[in-house]
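Side-chain atoms are counted along with the backbone in the values below, which use heavy atoms only and exclude waters and symmetry mates.
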Amino acid sequence: MKKALMLTLGVMTAVGGFVDIGNLVTSGVAGARFHTSLVWAILLGTVGMTVFGEMAGRVTAVSQRPVFHIVRERLGVRFGLLNLVANMALLLLTMAAEIGGVALALEIASDVNYLLWVPLVALALWGVIWRFPFKKIEQLFGLLGLTLAVFVVALFNLPTDWGALGQGVVNPVIPSTESANTYFFYAISLFGACLVPYQVIFFSAGGIEEGWKPKSLVEMRLNACLGFPLGGLLSIAILATSAVALMPYSMDVSYLDQVGMPVVMALGKVGLAFTLVGFFAATFAAAAESTLTMGYSVGQYLGWRWGKWLRPVEAPRFHLVWMVSLILATGFVLTTIDPVVLTIVSVVLGGMAVPLTYFPVLVVANDKDYMGKHVNKWFSNSLGSFFLAIMVVVSLVTLPLLFWTRAGA
């Protein structure tokens, strides 16, 4: 059991990074509108995140340098500052969206308007981050997030045509009712949701929090190679249930409760209960991840003392940053902006910042002065270079597609 709990950092990163409110809704929309013809985007993003997650974790364990320390060192102070500012803006959007996502999950469970839940969610988030040790946070939400496996169970209880699902995966076709621009917009959304920068920053900082050393490489690789693919599997299951249960009736997905509808159709009230717990765990974990990542990023770039393990008196600026960010994000949600639309936009825009965060990781992973015998091998370099090239292309086409398709409308 103790060895299994060692993997909860990867599970929490997967649940809170892959399967946040943006991924929940985007996967649901993709399945309802495009059947399984966009599974390739999730698979591609999952492999890319696993490659760079392992790389960042290895760099952290061997060199004891977290991601944003590397960003500043390799991109320089000014370019690194540009990356920091862009990531901070995206993190604020993400925090707001995830707080709204938790509130939406509570609205589904209670029938109380989500805006009334927002201040309570923010207060609960502050309490958890302030009082709970890092290990307890990752174990609690990592394990609770596994309830999203109910989507896999539902898929086997729905009238699933496995041949049609498989055909959509291996031979993706754009439906006649959709345009190519919209199709690729959602492809970028799904790909970007798997590779949002805060995932790798949080995973790396979490390794420092847990005291990873070169002898921890096996534990790190297990977290990366099991946790991130788990997130990809859950995303595909959500997409597939929507394809089976919603697409035949031309039902679109615009709200969080519609994402869970296929599970209710398959498993009834029991399925609904598991779905709501999963929604809550995923969005709350993502809110905690993005909030802590704000403090991690700023602290690492500016060379402050940072870390969840440090008391506020020992790292006052780190704690002040995440608390002020939490207040700002909460105020943003209370403007009544749609959390679902907000998250989709933040995920797509996040794709623009990905190369700036991941490129320095690839560079340092190839530096023998830092990595010694743990330097990248040819296979890791080939995969890393391949995915970095894709990220650059995605960053260039993101804005045109966002405006051209009106955010996938």
Under 3.5 Å donor-acceptor, [X] side chain and [Y] backbone:
X	Y	result
Glu107	Tyr114	yes
His319	Leu310	yes
Glu314	Arg311	yes
Lys308	Leu292	no
Asn171	Gln167	no
Thr26	Asn23	no
Ser204	Pro66	no

Rounded to the nearest 0.5 Å, what separation is found between the [atom1] atom of [X] and the [atom2] atom of [Y]?
X	Y	atom1	atom2	value
Leu148	Thr275	CG	OG1	7.5 Å
Leu239	Ile42	CG	CD1	5.0 Å
Met220	Leu222	CE	CG	9.5 Å
Leu82	Asn87	CG	CG	10.0 Å
Ile238	Leu155	CD1	CG	11.5 Å
Leu91	Thr291	CG	OG1	8.5 Å

Given the side-chain rings of [X] and [Y], with only the six-membered ring counted for Trp, is the space between their centroids under 6.0 Å?
X	Y	value
Phe68	Tyr296	no
Trp212	Phe203	yes
Phe156	Trp162	yes
Phe387	Tyr358	no
Phe284	Phe280	yes

Going by heavy atoms in the side chains, are [X] and [Y] under 4.5 Å from each other?
X	Y	answer
Leu43	Ile236	yes
Phe274	Val263	no
Val51	Ser380	no
Tyr198	Thr94	yes
Phe228	Gln199	yes
Leu92	Met294	yes
Tyr183	Pro172	yes
Leu93	Phe332	yes

Heavy-atom pair of closest approach, residues [X] and [Y]:
X	Y	result
Arg221	Arg58	NH2-CD, 3.4 Å
Ile70	Val361	CG2-N, 4.3 Å
Ala164	Thr36	O-OG1, 4.2 Å
Pro175	Arg33	CG-O, 3.4 Å
Asp367	Val375	N-CG2, 3.9 Å
Leu334	Pro119	CD2-CD, 4.4 Å

Evaluate whether atom OH of Tyr370 has more than 12 neighbouring non-hydrogen atoms of other residues, nucleotides or ligands under 6.0 angstrom away.
yes
Is the count of non-hydrogen atoms from other residues, nucleotides or ligands lying under 6.0 Å from Lys373 atom NZ greater than 12?
no
Begin from the C-alpha positions of Phe318 and Val298 and carry the test side-chain contact (heavy atoms from CB on, under 4.5 Å) through to its verdict.
CA-CA 8 Å; Phe318 163 76; Val298 176; over 6 Å; no
Taking it one step at a time, do Trp130 and Trp322 satisfy side-chain contact (heavy atoms from CB on, under 4.5 Å)?
CA-CA 10 Å; Trp130 185 267; Trp322 72 254; 4.0 Å; yes
From the list Val47, Val67, Leu362, side chain to side chain contact (heavy atoms under 4.5 Å, CB included) with Phe52 holds only for Leu362
Evaluate Ile174 against Ser37 for side-chain contact (heavy atoms from CB on, under 4.5 Å), listing each step before the verdict.
CA-CA 7 Å; Ile174 302 174; Ser37 64; over 6 Å; no
Could you check Thr182 against Trp404 for side chain to side chain donor-acceptor pair (under 3.5 Å), going step by step and ending with a plain yes or no?
CA-CA 9 Å; Thr182 305; Trp404 201 339; over 6 Å; no
Could you go through the side-chain contact (heavy atoms from CB on, under 4.5 Å) check for Thr330 and Met95 one step at a time?
CA-CA 8 Å; Thr330 303; Met95 288 167 63; over 6 Å; no
